[in-house]
Amino acid sequence: MAEIMGLREAVSGLVGDGDTVALEGFTHLIPFAAAHEIIRQEKRDLTLVRMTPDLIYDQMIGMGTARKLIFSWGGNPGVGSLHRFRDAIERGWPHPLEIEEHSHAGMANRYVAGASNLPFAVLRGYVGTDLAKVTPTIAPITCPFTGEELTAVPALTPDVTMIHAQQADRKGNVALWGITGIQKEAALSARRVIVTVEEVVDEFEQHTFGIVLPSVAIDAVAVVARGAYPSYTHGYYGRDNAFYEAWDPIGRDREKFGEWMEKHVLGVEDFAEHLRSIQEQGAMR
Amino acid sequence: MAEIMGLREAVSGLVGDGDTVALEGFTHLIPFAAAHEIIRQEKRDLTLVRMTPDLIYDQMIGMGTARKLIFSWGGNPGVGSLHRFRDAIERGWPHPLEIEEHSHAGMANRYVAGASNLPFAVLRGYVGTDLAKVTPTIAPITCPFTGEELTAVPALTPDVTMIHAQQADRKGNVALWGITGIQKEAALSARRVIVTVEEVVDEFEQHTFGIVLPSVAIDAVAVVARGAYPSYTHGYYGRDNAFYEAWDPIGRDREKFGEWMEKHVLGVEDFAEHLRSIQEQGAMR
Amino acid sequence: MTGVDARGYTADEMMTVAASRRLGDGTVCFVGIGIPSQAANLARLTHAPDSVLIYESGTIGAKPEVLPLSIGDGELAEHADSVVSVPEIFNYWLQAGRVDVGFLGAAQIDRYGNLNTTVVGSYEQPKVRLPGAGGAPEIAASAKEVFIVLRQSKRAFVEKLAFVTSVGYAEGGDSRKNLGYTGGGPTVVITDLGVLEPDPESGELTLVALHPGSTVEEAKEATGWDLNVAGDLDTTEPPTQGELRVLRDLEERTAAARKEKVG
Amino acid sequence: MTGVDARGYTADEMMTVAASRRLGDGTVCFVGIGIPSQAANLARLTHAPDSVLIYESGTIGAKPEVLPLSIGDGELAEHADSVVSVPEIFNYWLQAGRVDVGFLGAAQIDRYGNLNTTVVGSYEQPKVRLPGAGGAPEIAASAKEVFIVLRQSKRAFVEKLAFVTSVGYAEGGDSRKNLGYTGGGPTVVITDLGVLEPDPESGELTLVALHPGSTVEEAKEATGWDLNVAGDLDTTEPPTQGELRVLRDLEERTAAARKEKVG
């Protein structure tokens, strides 16, 4: 059963150095607050997992949090490159970053296998691509009925998955709606699950395509209003596209990046203060 | 894109003798109207697929519609046996019925594989059971990464899947809510899809856990009010438990069964007339 | 056996109550229809309000007011915490090891807790064709533990199953482990006469408790193999007035709903 | 090349319009972000109102008012016919063969329509690390046909890809077929200079049309291999006033939304 607690407590209790950690979100509901807490607590040697590593992974990689990245698309959506991610891969700064690279379909099915307690998933793909050459976690598999050859990929089973959602109820059930992406599988494939939510409610609203993650599948729920900012939370606030554009020159420069992180992430107590900090400074406008 | 048309036209145009046909529903939304139309049109040699064959499969089997049954649980839920199903298996009446028997988990994953255009699915199960001995569509498969041995089952790809749903919109998108069971996978694994709905609406209601099958995945939508009776349609009408109990003595007796089917199914024009017919006669109370 | 006797409750009521007591609060329980569903809901309405009942139709945290006739009754979805698809229930919940207790009935059981719900007689020419496997094989395979509840009789407790639908301790000893299952297997069988538990070594079911008024002889007589009996045989506490009241209320509400045309 | 010239439209506008025209009405189109998304939405807002746009975040039948910056913008879910999970989009829709057209961009392309979005330089020591595969490999594998749109230059149209992220006609001839893919492969490449189509036998891209004002020499100069040119070279119809109006309106709305802080 999920316990409703502070984010700091959740991260310090459930995330360890060296863990494999997935913070998922497909543009929507990206768990920025959770990532900042990991950075503030100076977790080290993490293997980060994500289909679409974006600004928060750029920040974690740039701060030296990650030893390895398992991913399928790493960019600043609609803007361009993740410069900290590129700096780590192209020039090994702040230290070399090991990568394990898949396609979206492969990553999605790896989470499905993990959530299903199967060691592998089967799909049609990778054949003839160079991914199959550089990524060892891609193997052929033969259908025992038809003899057809397909592709197998191993399950993803993160030590910890962190996601952001709209609402929790008082028992710790969590409701998400809008684009829910891979969050269900990312959560259910993990050993431990931390969810940040906009608010705790007595009863969930009705939303077609809404999903509810039952409390028993979650370890900690932490209330963090605007916890997905600058990404968006459907029904709560929109995406701050200007932030994503403003990130480009910051992420591009090691020094600027370091100062920004120092001031707005390490130098604040929590995410609420982070939001005040970047707002007061007009830092992202 | 789905065409909105009459059920008679949909069945005569899309269901052929010898087809593999799945009519799915997990107690909820069982497509009774669709099954009756198949019986009235005297389709023959069908391979019927269903996780939980119930009264409508009892009726189809008793009327000689089916050559083969692929299933995982055949009973009258909460009441007892399906007597026509038993008569066919135990005594070959009206003719022998070939069976291919799986577990629910196996059937569910077979539909998932079919919907995914994969030739097989992988699960943990069957090992050590006699199902693995009597059912040839169960085979071992080895994980290429861990060497672990698991079980493979082949995909289900019905020629036609028929389901019942609450609503369609004018473009032929279909909305279901409440317990939606295996309907999505049953529909998406099929070559042709017929959906009966309670009504056509301008805009769908909001329901958490609701799903929408897009029009492009459907061939025909037919409006049949109370088309799942005596099963239920969440938000429209409840399950007529008395009908299920009243079916037991009818299904038990070949002659009674024949008369009932003659009078209430073959002898009526459509499902609306069927409902009037059993109501007028107090036939099921 | 089924009438209310001088003690003020039936043997079936004793069985249901004894089964319900096994379900700890907060337990995630995958519930089969029939007596398992009755027992699980009795537990939820008495000592285990925070148990999470899962039905194979996809309802998680179901809180039915009346007992469902089938695994897909609307009643189950109405107040559930979540409703998911059937593949998800089997893959993401059961196979994933999220189910603490699988609660099953059966037509036949053998000394190792293997179950038959498929046929009586031969598979090809069955004397009685039963409904079949349903969700049971994978519940038996993957739930952390399995509770089995069924009436004890020579027809049900057999030396050799006509068909192994769901595996308990297979052929005993390590044979279940060798099948690679992730779940722990049956930990208790509750009947109308008493309670059986597997021997920790051999996996063979052993009579460990009798319900009030039952005897070892009755139990042996109702078992198709030479039944092992524990040295320190317990006696089940009879149903309390509270348990009986909740159970009978539940059954009355259910019977009323069953007669009523709901639609 | 990108300024509005005497003709009243830019080369990029010509490319987007030419690409949009290829999308037939009623088509199920799996849309990549950027120019593909622009072209697909232009088609939807002009001649193909019943096209069904799918984005990999799980939106089916998306009808964005402004162009999404990414594949998961809320805009996409708002008026979609259905929203499903990412595994469903890839397994039940793309892999299942429900996608008529996969609409892709790329950093590099070779003569057989193979695409690179992974690295420039070596994989281990990349000169430029690009974002990576995303959904492209399986779109290229399983869509019934693939439209590719990218600006033509020697840096993009290369003799040999640094990395094969997504397969077109592989090494030409039957080599794609032998990979066992179920989708048909690329049927057209639309650039800012003209239109290329694969040779039916060899699979090699051949220049089949030039946009107004472009020349064969320009196209050859912007291609890193010896470009085949069709004998009967077409000239693309210039964008109509209607197409330009709709495209520019869409871009204006998008630019406004992009500046605005939405939350």
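Labels below follow one simple rule: chain letters A, B, ... track the order of the sequence lines, proteins then strands, and each chain is numbered from 1.
When heavy atoms are compared at a cutoff of 4.5 Å, A/Ala217 approaches chain C by way of both its backbone and its side chain. Contact annotation for C/Ser142: neither backbone nor side-chain heavy atoms come within less than 4.5 Å of a heavy atom of chain A. Only the side chain of C/Val84 comes within contact range of chain A, with at least one heavy atom under 4.5 Å from a heavy atom of that chain.
Per-residue counts of heavy-atom pairs under 4.5 Å with chain C were compared for A/Ser189, A/Ser116, A/Ser215; the largest is that of A/Ser116.
Annotation: cation-pi pair C/Arg176/C/Tyr181 absent, no NZ/CZ under 6.0 Å from the ring centroid and within 45° of its normal.
The pair C/Arg98-C/Glu88 does not meet the salt-bridge criterion, since no charged nitrogen lies less than 4.0 angstrom from a carboxylate oxygen.
Between the CZ atom of C/Phe163 and the OG1 atom of C/Thr117 there is a distance of 8.5 Å, given to the nearest 0.5 Å.
Residues A/Phe32 and A/Val224 are not in side-chain contact: their nearest non-hydrogen atoms beyond the backbone lie 4.5 Å or more apart.
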